[in-house]
Colleague: 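Sharing a structure, written as C-alpha cells. Questions coming.
Along the sequence shown, the residues carry numbers beginning at 1. Bear in mind the structure is a predicted one, so any value in this text is a computation, not a measurement. Atoms within each ligand, like the ligands themselves, are counted from 1 in listed order.
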Amino acid sequence: MTRPELVLLLAGFGHVGRRLVGLLDEMGSRLAFSWRVGAISTRRHGSALSPTGLDAARAAAHVASGGSLAGLTPAPADRVGLSLIREACRMFTDEAAGGRLVLVETTVLNVDEGEPAMSHVQAALEARAHVVTANKGPAAIAYRELAALAARMDRRFLFEGAVMDGLPVFNLVRETMPGVRVESFRGVINTTCQHVITALANGREMADAVADMQASGIAEADPSLDLDGWDAAAKAAVLANVLLDGTLTPSRVTREGVRGLTGDDVRAAARGGRRLALVASGARHPDGGAHARVRVESLSADDPLAALRETDNALYLTTDLLGEVGIVQRTSTLTQTAYALVSDLTTIGRGL
Ligand SMILES: NC(=O)c1ccc[n+]([C@@H]2O[C@H](COP(=O)([O-])OP(=O)(O)OC[C@H]3O[C@@H](n4cnc5c(N)ncnc54)[C@H](OP(=O)(O)O)[C@@H]3O)[C@@H](O)[C@H]2O)c1
C-alpha cells in the first residue's frame, strides 16, 4: 500500500524541530506516511522554502552549528515567521486542499499570549493545513477556539507533546477511553523541577541542575519558566481545558515554583520520611468548568508520586468508569518529544 506523503512546514527548528527530522529519517519505513519538508522558519537562523522539498538533515546540521538557512535554497526565503507560513500555505494550496499539508509548530513557549505560536497555528488552520505542536501555549491559552477553528476547516489540531512528551495522554483518552469521563488529574509533569529537587537533596546547586537540563535540551529556552512553575501551569491548563472541559490559561492556574527551595528543605522532608515534588493537579467544578494548581507538595512515602526518580514524570487521571489511570514516563529525552510529533503526524496520515 502506498503511504500518503505529508508536506511539513516547520515553524521553529531548535532542539525539538531538529530532533524530529532526525527521528523521521531513522524511522524510515516504520512510518505510516512519507514526508518532505516544504519550509523552515526560525527567529535568528533564517528561513527556507522549496516546493520540491528541503534537505532537512543538511538544514539541521547547518542550524546546529550556528549557520543560517538562507544559503540552502537557490532563492532564499526573504520572509520569516508568520509571513513565511502564509507564503508556504499559498505555495502548497493543492496539498492543503488534499489534507496533506501540516504545520509543525515548535517555537518557544510564551505563557502570556502564546505568540508567535498562536498566530502560526491560526494562519495554518485558516489555510486548511493541519497543525501538530509540542508547544503548550496555544492549547493552554485558546484550546476551545483553536479546536473549533480546526473543526470548521475539517483539519486536525494535535498537541500530544504538550504534556509528558511522546507518552500518550491525549491520544490515550481520545482513542482508547471512549465515553470515559476524566474527573481530575494529579502528577509530576516538569522534568527540570524534578531533577532540581533531586539535585538539591544531593547537595548540588540549583544553577548546576538547571545547566544539566539545558545541556540536554530539556529545560525551556528561558529556564525561569520551569523554576517558577509556568511550564507546569501551562501543562495543567492544557490538561484542564482538554480533559476537564475547562477554560483556563496559565495565569489562571494557582502557581508556585521551586525557586525558593533549598537543599535543607528537601533533606528535612526526607528525614521525616517524606519527599518534595512540584505537583500539578486539577479537577472539574461541580457546576461546570475546572480549576488547576501547581505547588510544591510534601509527599508521604506511599504516594505513587514519591517513588519517581530524578527525571521521571507521572500523571494520574481519576475517571468515572476506570477508576485511577496512571501514566509513568521513565525516560525523558528529545526523542520522546519528537515522537509525540510523529504520533500526531501518524494520526493525520492514517486519516488520509
Ligand atoms: N525541549 C524539550 O524537551 C521539550 C519538551 C516538550 C515540549 N517542548 C516545547 O517545544 C517547543 C520547542 O522547544 P525547543 O527545546 O526546541 O526550543 P528551542 O531549542 O529554543 O527552539 C525554538 C525554535 O523556535 C524558533 N523561534 C523562536 N521564536 C520564533 C519566531 N518568532 N518565529 C519563528 N521561529 C521562532 C527558534 O529560532 P532561533 O533558534 O533562530 O532563535 C528555534 O528554532 C517549546 O514550545 C517547548 O515548550 C520542548
Side-chain angles (χ1 to χ4, degrees), residues 9-23 39-49 56 59-60 62-70 77 79-88 103-111 113-121 123-124 131-141 159-167 169-170 189-195 210 212-226 230-235 237-238 250 311 313 329 331-344:
L9 309 179
L10 307 182
F13 201 47
H15 293 98
V16 176
R18 296 198 301 271
R19 183 66 194 109
L20 171 66
V21 297
L23 184 61
I40 306 176
S41 168
T42 75
R43 181 176 39 186
R44 295 164 302 164
H45 294 87
S47 300
L49 180 65
H62 210 62
V63 170
S65 61
S68 166
L69 295 168
R79 298 170 191 261
V80 293
L82 184 58
S83 54
L84 180 90
I85 291 165
R86 288 202 169 119
E87 186 177 342
L103 174 72
V104 182
E105 221 295 340
T106 62
T107 63
V108 286
L109 172 63
N110 171 333
V111 290
E113 287 94 29
E115 295 294 0
M118 193 77 84
S119 299
H120 294 169
V121 171
V131 173
V132 306
T133 181
N135 191 328
K136 296 146 273 256
I141 290 169
F159 41 80
E160 189 58 57
V163 180
M164 290 180 80
D165 303 326
L167 268 78
V169 175
F170 305 107
I189 52 178
N190 180 278
T191 307
T192 298
C193 291
Q194 181 73 357
H195 177 67
V210 171
D212 296 342
M213 292 287 97
Q214 284 175 316
S216 54
I218 289 176
E220 284 300 319
D222 171 4
S224 62
L225 290 173
D226 292 302
W230 280 113
D231 173 81
K235 290 170 175 166
V238 179
T311 53
N313 281 195
Q329 178 176 23
T331 308
S332 187
T333 69
L334 287 169
T335 298
Q336 276 76 42
T337 309
Y339 181 76
L341 297 165
V342 172
S343 79
D344 285 343

Colleague: For atom 39 (O) of ligand 1, find the nearest protein heavy atom and state the residue, atom name and distance (0.1 Å precision).
Modeller: His45 ND1, 3.3 Å
Colleague: If you round to the nearest 0.5 Å, how far is CG of Asp165 from OG of Ser343?
Modeller: 11.0 Å
Colleague: Side chains of Leu10 and Thr106: closer than 4.5 Å at any heavy-atom pair?
Modeller: no
Colleague: When you measure from atom 41 (O) of ligand 1 to every protein heavy atom, which one gives the shortest distance, and what is it?
Modeller: Arg44 NE, 2.8 Å
Colleague: Any idea which protein heavy atom is nearest atom 7 (C) of ligand 1, and the distance to it?
Modeller: Ala134 O, 3.3 Å
Colleague: Run down the list Val108, Ile218, Val63, Leu20 and name the one with the heavy atom closest to atom 20 (O) of ligand 1.
Modeller: Val108
Colleague: Working to the nearest 0.5 angstrom, can you tell me the gap between Thr335 OG1 and Arg19 CZ?
Modeller: 3.5 Å
Colleague: How far is atom 19 (O) of ligand 1 from its nearest protein heavy atom, and which residue and atom is that?
Modeller: His15 ND1, 2.8 Å
Colleague: I need the Leu334 CG to Gln336 CD distance, nearest 0.5 Å.
Modeller: 9.0 Å
Colleague: Under 4.0 Å from a heavy atom of Gly12: give me the atoms of ligand 1 that qualify, with their elements.
Modeller: 23 (C), 24 (O), 25 (C), 43 (O)
Colleague: Among all the protein's non-hydrogen atoms, which is closest to atom 36 (C) of ligand 1, and how far away is it?
Modeller: Arg43 N, 4.1 Å
Colleague: Can you tell me the protein heavy atom closest to atom 46 (C) of ligand 1 and the distance?
Modeller: Glu220 OE2, 3.6 Å
Colleague: In terms of atom number and element, which parts of ligand 1 are under 4.0 angstrom from non-hydrogen atoms of Ala221?
Modeller: 20 (O)
Colleague: What protein heavy atom sits nearest atom 1 (N) of ligand 1, and how far away is it?
Modeller: Gly217 O, 2.7 Å
Colleague: Is there a donor-acceptor contact under 3.5 Å linking the side chains of Asp222 and Ser224?
Modeller: yes
Colleague: Mind listing the closest non-hydrogen atom pair of Arg18 and Val63 along with its distance?
Modeller: NH1-CG1, 3.5 Å
Colleague: Minimum heavy-atom separation for Ala56 to Phe13, with atom names?
Modeller: O-CZ, 4.0 Å
Colleague: Identify which of Thr107, Val16, Thr106 has a heavy atom lying nearest to atom 44 (C) of ligand 1.
Modeller: Thr107
Colleague: Any atoms of ligand 1 less than 4.0 Å from a non-hydrogen atom of Gly161? List them with their elements.
Modeller: 6 (C), 7 (C)
Colleague: Hey, which atoms in ligand 1 end up nearer than 4.0 Å to a heavy atom of Phe13?
Modeller: 23 (C), 42 (C), 43 (O)
Colleague: For ligand 1, which atoms, with element, lie under 4.0 Å from some heavy atom of Asn135?
Modeller: 45 (O)
Colleague: Checking a contact table here: which protein heavy atom is nearest atom 21 (O) of ligand 1, and how many Å away?
Modeller: Gly14 CA, 3.3 Å
Colleague: Just jot down the ligand 1 atoms closer than 4.0 angstrom to any heavy atom of Asp165, in number order.
Modeller: 5 (C), 6 (C)
Colleague: Determine whether the side chains of Gln194 and Thr191 contain a donor N or O and an acceptor N or O closer than 3.5 Å.
Modeller: no
Colleague: Can you tell me how far apart OG1 (Thr192) and CG (Asp231) are? Round to the nearest 0.5 Å.
Modeller: 7.5 Å
Colleague: N/O to N/O below 3.5 Å, does that happen between His120 and ligand 1?
Modeller: no
Colleague: Kindly compute the distance separating CE (Met213) from CG (Asp226), expressed to the nearest 0.5 Å.
Modeller: 9.5 Å
Colleague: Write down the atom of Ser47, the atom of Ser41, and the distance for their closest heavy-atom approach.
Modeller: OG-CA, 3.9 Å
Colleague: Hey, could you give me the OG1/CD1 distance between Thr311 and Ile218, rounded to the nearest 0.5 Å?
Modeller: 7.0 Å
Colleague: Specify side chain, backbone, both or neither for Thr337, according to which of its non-hydrogen atoms lie closer than 4.0 Å to ligand 1.
Modeller: side chain
Colleague: Report the part of Pro116 (side chain from C-beta onward, or backbone N, CA, C, O) that has a heavy atom under 4.0 Å from ligand 1; answer both or neither where that applies.
Modeller: side chain
Colleague: For ligand 1, which atoms have a heavy atom of Lys136 less than 4.0 angstrom away?
Modeller: 7 (C), 47 (O)
Colleague: Using protein heavy atoms only, decide if any is under 4.0 Å from atom 16 (O) of ligand 1.
Modeller: yes
Colleague: Side chains of Glu115 and Ser119 only: does a donor on one sit below 3.5 Å from an acceptor on the other?
Modeller: yes
Colleague: What atoms in ligand 1 come closer than 4.0 Å to a heavy atom of Ser41?
Modeller: 33 (C), 34 (N)
Colleague: For Leu109 versus Leu225, what's the shortest heavy-atom pair and its separation?
Modeller: O-CD1, 3.9 Å
Colleague: Between Asp231 and ligand 1, does any nitrogen or oxygen pair lie at a separation below 3.5 Å?
Modeller: no
